[in-house]
Amino acid sequence: PVMTLAAETVLFNTTLRPHRSANLYTLRWLLILMALAFAITGFGFSLAGAWPVSGFLGLEIVLLVGALLLNERAGRAVETISLTADALTVHCIDARGRERRFTFPPQWLQIVATPVPHGLLHEGGGLERLEVRSHGRSVAIGSFLPPADRQALCADLRTALARFQLNQGLN
């Protein structure tokens, strides 16, 4: 029996988001506690006659808020990867909300994985970079993921692509 694959059949689909260990509620409480601790410390320094320290503590809170806001905004990035019989589509939304869509024919698709150099940064191994390529075009995927998660994504994507190519060979 010859198997045919409908063009609409989704062979692989995933949505990638940067990991964030704290939600906005937790960050708000962290900032409140830090501001309270800095206010008490600043008050103590002011009583001791070192009032300029209070200004620097206030500046530290402002910088901490700015860093946390930038981190929260970076967490808005999303990548959706979908493989069908017609195309591999990578839909990217960056932290600023800009959208980009890349489409590759699955018949000629290459998944290029660059391993983390041995002994560098991550003991568990993984991938430093993961790209999909076809006909001279390429796009990096999962750049915000930890190396081990990029490696798992690579394995899953290669498995789905191999199933597709095996099915194409049966036709």
For D94, enumerate each residue passing the side chain to side chain donor-acceptor pair (under 3.5 Å) test, keeping only those at least two apart in sequence or located in another chain.
R98

Sorted by chain and number, sequence neighbours left out, side chain to side chain donor-acceptor pair (under 3.5 Å) with R163 holds for none

Looking at R137, I want to see if its CZ is surrounded by more than 12 non-hydrogen atoms of other residues, nucleotides or ligands under 6.0 Å.
yes

Interatomic distance, [X] atom [atom1] to [Y] atom [atom2] [nearest 0.5 angstrom]:
| X | Y | atom1 | atom2 | result |
| --- | --- | --- | --- | --- |
| D149 | L130 | CG | CG | 11.5 Å |
| L64 | L59 | CG | CG | 11.0 Å |
| L16 | I141 | CG | CD1 | 7.0 Å |
| R17 | I93 | CZ | CD1 | 8.0 Å |
| R129 | C154 | CZ | SG | 13.0 Å |
| F12 | T159 | CZ | OG1 | 9.0 Å |

Sequence neighbours left out, what pairs pass salt bridge (Lys or Arg N to Asp or Glu O under 4.0 Å) with at least one residue falling in residues 65-75?
E72-R76

Side chains of residues 26-40: which donor-acceptor pairs under 3.5 Å do they make with residues two or more places apart or in other chains?
unit_1	atom_1	unit_2	atom_2	d
T26	OG1	N23	OD1	2.8
W29	NE1	Y25	OH	3.2

Quick check: do [X] and [Y] have side-chain heavy atoms less than 4.5 Å from each other?
| X | Y | value |
| --- | --- | --- |
| L157 | L88 | yes |
| T80 | N13 | yes |
| L83 | V10 | no |
| R20 | N71 | yes |
| L11 | T84 | no |

If two hydrophobic side chains count as joined below 4.5 Å and joins carry through other members, does F56 share a cluster with V53?
no

Following the transitive rule for hydrophobic clusters with a side-chain heavy-atom cut-off under 4.5 Å over Ile, Leu, Val, Met, Phe, Trp and Tyr, establish whether F144 and V90 coincide in one cluster.
yes

For residues [X] and [Y], report the shortest heavy-atom separation together with the two atoms involved.
| X | Y | value |
| --- | --- | --- |
| R150 | L145 | NH1-O, 2.6 Å |
| P115 | A113 | CD-O, 3.6 Å |
| E131 | S138 | OE2-OG, 3.9 Å |

Table please: side-chain donor-acceptor pairs of residues 99-111 below 3.5 Å, with sequence neighbours left out.
unit_1	atom_1	unit_2	atom_2	d
E99	OE1	H91	NE2	2.8

Residue pairs passing the side chain to side chain donor-acceptor pair (under 3.5 Å) test where at least one lies in residues 32-53, sequence neighbours excluded:
S46-S54

Stepwise side-chain contact (heavy atoms from CB on, under 4.5 Å) check, L153 with T14
CA-CA 9 Å; L153 172 63; T14 189; 4.0 Å; yes

